[in-house]
Amino acid sequence: MGRWIVDSPLELEPLLRETEDPGSGALVIFYGTVRNENEGRPVQAMTYEAHVALAEKTLNEIEAETLEKFGVRRCRIQHRIGTLQLGEPSVLIVVRGGHRTEAYAASRYAIDEVKQRAAIWKEEHYADGDSRYLDGVPLTRKDETPA
Amino acid sequence: MGRWIVDSPLELEPLLRETEDPGSGALVIFYGTVRNENEGRPVQAMTYEAHVALAEKTLNEIEAETLEKFGVRRCRIQHRIGTLQLGEPSVLIVVRGGHRTEAYAASRYAIDEVKQRAAIWKEEHYADGDSRYLDGVPLTRKDETPA
Amino acid sequence: MKIQVIFYGGLKQDVGTKQQTFEFPGDGLTVGGLVEALKAQYPALAVRLDTIAYAVNDEIVELNTVLRDGDQAGLLPPVSGG
Amino acid sequence: MKIQVIFYGGLKQDVGTKQQTFEFPGDGLTVGGLVEALKAQYPALAVRLDTIAYAVNDEIVELNTVLRDGDQAGLLPPVSGG
């Protein structure tokens, strides 16, 4: 566990303090939260697993890219692992920028990249007791697989 | 003062509790904060004034429109009045929706409308002791003015 | 009749007062009539009128709205919240 | 040499184990060679290989990466964080 991957409830306050910046006029915060249904099936909980070292490296990279690409002034990303109940936040993204246009765009970029690139997996637990790992985005390209 | 216009520091927690929703998977929070410069001029503080009754009515309407137009599940808007120091939030928008695309779009719509339509005015206080009301967006059309 | 006029935002600097109560003889004064009277008293107002909206009590109104004794009239310059 | 293999996400259900240590004779085993050995032991793996990425210790690696005694190899199926 560390700066980006945490196994306890996500806390906004420390990230707000860490990113305080009088040069920013816009603060956009995104939380992904556990939803009570997916594709029509009632969900009861969600378990998140990570390759912690890899995921931390990727989230660190995404923070740096977000600052660079959008000219925002602060970007912090945290993702929680473990079993989360309905409504609990799994991911938290804090972006501060001079103005709102770039802050919204940067926040959106960061969450899209997290979903595409971070070594994190989720298993949905359904109300009927069944559970399933969700289909996701391959980290590898087809030409990298064994012949 | 009331549900939308407040004269004390904006508080996120009550709005998060009020909007709790297990049917939402995305939570987008926007804060506008007092920035240390505007158009190159160092800013020291900002005073916000409202026609409270009108502004409350408008923010209420914007919440309803945001829910309707974007299909998000929750929208709350609060704007603070009085004198704010650097970094303090002047406006807070909480949107919860099923998925992130509509939640970001709804949040952006809400802040854009607040800036265009709410009967709120800001006066910038500069480091040199001067102060100035900012140019804004007319609430009226040209054809409504006296001949 | 008595009308309380409130100048919002930068208008209060232009006219030099935040609010003022005016006494008008008789009935039937419209918002437009009030504005004409204010223009006479505050020349600085004239140049800003085409971007000002008017509220009576808690409603945005048109210039032909008729005022009643005790009404509160707000002059609303371009807004700049957020 | 000993290689600890960790199956992430849904892979651990497919193969029935979260992690397992394998002993290989000699040196020079590549990630590709490891994968071939795993395929033989876990037929369920074969159909998923074209979407799996490989990590050795804390790095994503190519199939020609040579493993060393004590390495930890992670098999990473498509990710679904957020």
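Keep in mind the model is a prediction, meaning the values are calculated, not measured. Residue numbers start from 1 in every chain, and the chains themselves are labelled A, B, ... in the order their sequence lines are given, proteins ahead of strands.
In this structure, Asp58(D) and Leu54(A) approach most closely via the heavy-atom pair O-CD2, 3.5 Å.
Within 6.0 Å of the CG atom in Asp128(A), the count of heavy atoms belonging to other residues, nucleotides or ligands exceeds 12. The 12-atom threshold is not exceeded at CG of Asp135(A), counting heavy atoms of other residues, nucleotides or ligands nearer than 6.0 Å. Applying the 6.0 Å contact sphere to CD of Gln4(D) captures more than 12 heavy atoms from other residues, nucleotides or ligands. More than 12 heavy atoms of other residues, nucleotides or ligands lie within 6.0 Å of CD in Gln41(D), so this atom counts as buried by the packing criterion. Heavy atoms of other residues, nucleotides or ligands lying less than 6.0 angstrom from CZ of Arg3(A) number more than 12.
If you measure heavy-atom distances from Ile60(D) to chain A, the contacts under 4.5 Å come from both the backbone and the side chain. Interface remark: Asn64(D) contributes no atoms to any contact with chain A (heavy atom separation under 4.5 Å). Neither the backbone nor the side chain of Asp112(A) comes within contact range of chain D; no heavy atoms are under 4.5 Å apart. Residue Ala50(A) touches chain D through its backbone alone, counting heavy-atom pairs closer than 4.5 Å. Residue contact with chain D, scored on non-hydrogen atoms closer than 4.5 Å, involves the side chain of His79(A) exclusively. Glu56(A) does not touch chain D: none of its heavy atoms, backbone or side chain, sits under 4.5 Å away.
Lys12(D) pairs by the salt bridge (Lys or Arg N to Asp or Glu O under 4.0 Å) definition with Glu49(A), not counting sequence neighbours. Applying the side-chain hydrogen bond (donor to acceptor under 3.5 Å, both in side chains) rule to Arg117(A) yields the partners Glu65(A), Glu113(A); only residues at least two apart in sequence or on another chain are considered.
Among residues 13-22 of chain D, the residues having any heavy atom closer than 4.5 Å to a heavy atom of chain A are, in sequence order, Gln13(D), Lys18(D). Residues of residues 74-82 of chain D lying under 4.5 angstrom from chain A, judged on non-hydrogen atoms, are Leu76(D), Pro77(D), Pro78(D), Val79(D), Ser80(D), Gly81(D), Gly82(D) by number.
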